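Down below is the structure, laid out as structure tokens.
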Amino acid sequence: MTVVLSTVGTRSKGRRWYPLQALALLTIILAGAMVRAIHLGRASLWMDEGASAAIAAMDKASFWRLLFTREMNMAAYYCLLRLSVFLQSSEAHLRLISVFFGTALIGAAWMLAKETLIESRGTLWAIALACLVAFNGFLIAYSREARGYAMAVFFLTLSAWALTIVLKTGKLRVTWCLLALAALYSHFYTLLWILPQVWALWKACRKNGRKWFRPIALAGMVGLLPLFIFALRTRGGQLDWVPRLTLHSFFDTFIQLAGYSRVSLALLCAGSLIGCLRLWSRGDAIARFIVIENILPVCVLLALSPIHPLFVARFLIFAVPFLLLTAIEGFSTLGVGVGGILSAVVICAMLITGDRSAPKSDWRDMTQNLCSQSSAVVFWPGMGKFPYWYYAQSNPACPHIIFPHSQQVEVADFRAGKRDLVRELCSSNEKSVLLVMDSNSRSSIADLGVSCYTPVSTSSRDGMQVFRLDRK
């Protein structure tokens, strides 16, 4: 009788806890949505966001040709943005998709934590993880950009959750595959995190035989067909802009991942180390694939960077949920008292630091300035055309574009290089032109090799350099 009463009492406490847990999670999600949505349209679109707007606005034939020859990365995001025409009307609307997925990531991380780490220890630590995801300044920054990063990290985290269900019950096999494909088509770098999931699935379930894997294999083959076509048609070159890895950029990358805070980085790394050791010692497929997700992709990118620079903070955003997850596991081993204090310190450090992402060039103001002048315009890198195009659409007085190509967005704009710039500039009849160069570009005007024009003046404005060139 005592045992029965004890069991009933435990269940009663559990039932009482569920509304509180739901209320706490809902509060965190709403807070996370608020910090992502506030002043959403204040900042100007930068080059990459301008590219998103330009791709979504292309005619159907050009859109699909561009995706299958150059821009299959983030294809799922571009398709979603294109389907929602009203989202293209303002900067804030363009960024709403990222706000939605960045907010939904809070719930996805909570679901993953409940299934992987803390199922037997209550829900306190899952709530702590939701707080870390909600207030990580780095995740907030990319939840406020018209790019596919927030979408990709959401689907990756949800695919990890679905995999835990597959490993436990055998259910959601096709669902896991579709979520992994959605992550891959949102950003190609997620492949480094999807492969450990494939390994865990094979290792844990291979005894089930080929028939068990058949639905996954069929969904995967159909889903990867567009990617296969893209691989046959693309010319590459999309990562030529990535700077070389230095010791300073290495540490700065990890500070960004930890929410721009050195305090949170130190505590998260310590907690993650303890958590990874504990999970690995557990020995089951779920625990070990979480550890591998946290460590292996980062090590692969680091090892490949001397061959070709690949180590960029925004490409490592997919590691953040697993860093936070393993850190919470480490904190939980220290008990509710110490672990709770450490979690609270990290959350407070993130809240104090906030979004410290580097300011981007102000293309809204630059476009207004260019439209007040009469000289034709040249952009380098050529992607500078896209935010200019976005802001110049409503002003017919804006000067025409010599490079890249024309006033309208074309597929060729995404492949334009230095040789194209020199050819089109020198074949023009303009006596004087304005060359707009983003300050983050690693090129100088001398590197462009423009021999038919001479720079006569230089000015800096809105995070960009503007050169006035006169015909020789």
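What you are looking at is a predicted structure, and each value in this text was computed from that prediction instead of being measured.
Formation of a donor-acceptor pair under 3.5 Å by the Thr326 side chain with backbone atoms of Gly275 is not found in this model. In this structure a side-chain-to-backbone donor-acceptor pair under 3.5 Å is present from Ser52 to Ala146. Using modelled atom types, no side-chain atom of Ser159 and backbone atom of Ala180 make a donor-acceptor pair closer than 3.5 Å. Side-chain atoms of Ser427 come within 3.5 Å of backbone N or O of Glu424 as a donor-acceptor pair. Looking only at distances, a side-chain donor or acceptor of Asn136 sits under 3.5 Å from a matching main-chain atom of Leu257. Proximity of a side-chain donor or acceptor of Asn73 to a complementary backbone N or O of Phe188 within less than 3.5 Å is detected. Under a 3.5 Å cut-off, the side chain of Lys385 and the backbone N or O of Gln408 do form a donor-acceptor pair. A donor-acceptor pair is defined here as one N or O able to donate and one able to accept, closer than 3.5 Å; no such pair exists between the side chain of Arg278 and the backbone of Glu329. With hydrogens and angles disregarded, a donor-acceptor distance shorter than 3.5 Å links the side chain of Trp193 to the backbone of Glu293. Panel note: side chain Ser249, backbone Thr246; a donor-acceptor pair is recorded below 3.5 Å.
No more than 12 heavy atoms of other residues, nucleotides or ligands shown are found within 6.0 angstrom of NZ on Lys211.
Residue Pro226 comes nearest to Met72 through the heavy atom pair O-CE, 3.9 Å, listed as atom of the first residue, atom of the second, then distance. Phe289 approaches Ala200 most closely through the heavy-atom pair CB-CB, 3.5 Å. The two residues Val298 and Ala319 have their closest heavy-atom pair at CG2-CB, 4.0 Å. Scanning all heavy atoms of the two residues, the minimum distance from Gly417 to Phe403 falls at O-CZ, 3.6 Å. Taking every heavy atom of both residues into account, Asn395 and Cys371 meet most closely at ND2-CB, 3.7 Å. Pairing each heavy atom of Ile28 with each of Ala130, the nearest pair is CG2-O, 3.7 Å.
Within the model, atoms CH2 of Trp125 and OG of Ser343 stand 4.5 Å from one another, a figure rounded to the nearest 0.5 Å. Atom CE of Met151 and atom OG1 of Thr190 lie 11.0 Å apart (nearest 0.5 Å). Annotation: the span from Arg65 atom CZ to Glu71 atom CD amounts to 13.5 Å, rounded to 0.5 Å. To the nearest 0.5 angstrom, Leu25 atom CG is 9.5 Å from Cys131 atom SG. To the nearest 0.5 angstrom, Ser272 atom OG is 9.0 Å from Leu277 atom CG. Rounding to the nearest 0.5 angstrom, the gap separating the CG atom in Asn294 from the SG atom in Cys276 is 4.5 Å.
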* To do: Please lay out, stage by stage, how Met350 and Leu268 fare under the test side chain to side chain contact (heavy atoms under 4.5 Å, CB included).
  => CA-CA 11 Å; Met350 289 181 176; Leu268 288 174; 3.9 Å; yes

* **Trace of the side chain to side chain contact (heavy atoms under 4.5 Å, CB included) decision for Trp363 with Glu49** => CA-CA 11 Å; Trp363 280 95; Glu49 289 184 300; over 6 Å; no

* Walk me through it: do Arg95 and Leu45 pass the test side chain to side chain contact (heavy atoms under 4.5 Å, CB included)? => CA-CA 10 Å; Arg95 293 164 176 154; Leu45 298 183; 3.8 Å; yes

* Take Val378 and Ser428 through the test side chain to side chain contact (heavy atoms under 4.5 Å, CB included) and record every step on the way to the result. => CA-CA 11 Å; Val378 176; Ser428 71; over 6 Å; no

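The one candidate from Leu296, Leu301, Leu316 that meets the side-chain contact (heavy atoms from CB on, under 4.5 Å) condition with Leu192 is Leu301.
Taking the side chain as every heavy atom from C-beta outward, Lys60 and Arg82 approach each other to under 4.5 Å. Counting heavy atoms from C-beta outward, Met437 and Leu448 have side chains that approach closer than 4.5 Å. Within the 4.5 Å cutoff, no side-chain heavy atoms of Met366 are placed close to those of Ser361. Inter-residue side-chain proximity for Leu158 and Met111 is flagged as met; some heavy-atom pair is nearer than 4.5 Å. When side chains are defined from C-beta on, Phe100 does not count as touching Leu96, because their heavy atoms never get closer than 4.5 Å. Within the 4.5 Å cutoff, no side-chain heavy atoms of Leu156 are placed close to those of Tyr189. In this structure, the side chains of Tyr391 and Glu91 come closer than 4.5 Å at one or more pairs of heavy atoms. Side-chain contact check for Tyr142 versus Ser98: every heavy-atom pair is 4.5 Å or farther apart.
Screening residues 126-154 for salt bridge (charged side-chain N to carboxylate O under 4.0 Å, His left out) gives Glu145-Lys360 as the qualifying pairs, with residues at least two apart or on separate chains. Applying the side-chain hydrogen bond (donor to acceptor under 3.5 Å, both in side chains) test to residues at least two apart or on different chains, the pairs with a partner in residues 33-42 are Arg36-Ser143, His39-Arg42. Sorted by first then second residue, the ring pair (Phe, Tyr, Trp, His ring centres under 6.0 Å) pairs that include residues 196-218, not counting sequence neighbours, are Trp202-Phe213.
Defined by atom type and a distance below 3.5 Å, a donor-acceptor pair is present between the side-chain atoms of Trp176 and Gln197.
Between Phe250 and Phe254, the distance separating the two ring centers is shorter than 6.0 angstrom. Residues Phe379 and Tyr388 bring their aromatic ring centres within 6.0 Å. Between Tyr77 and Tyr149, the ring centre distance reaches or exceeds 6.0 Å. With ring centers used as reference points, Tyr185 lies 6.0 Å or more from Tyr78.
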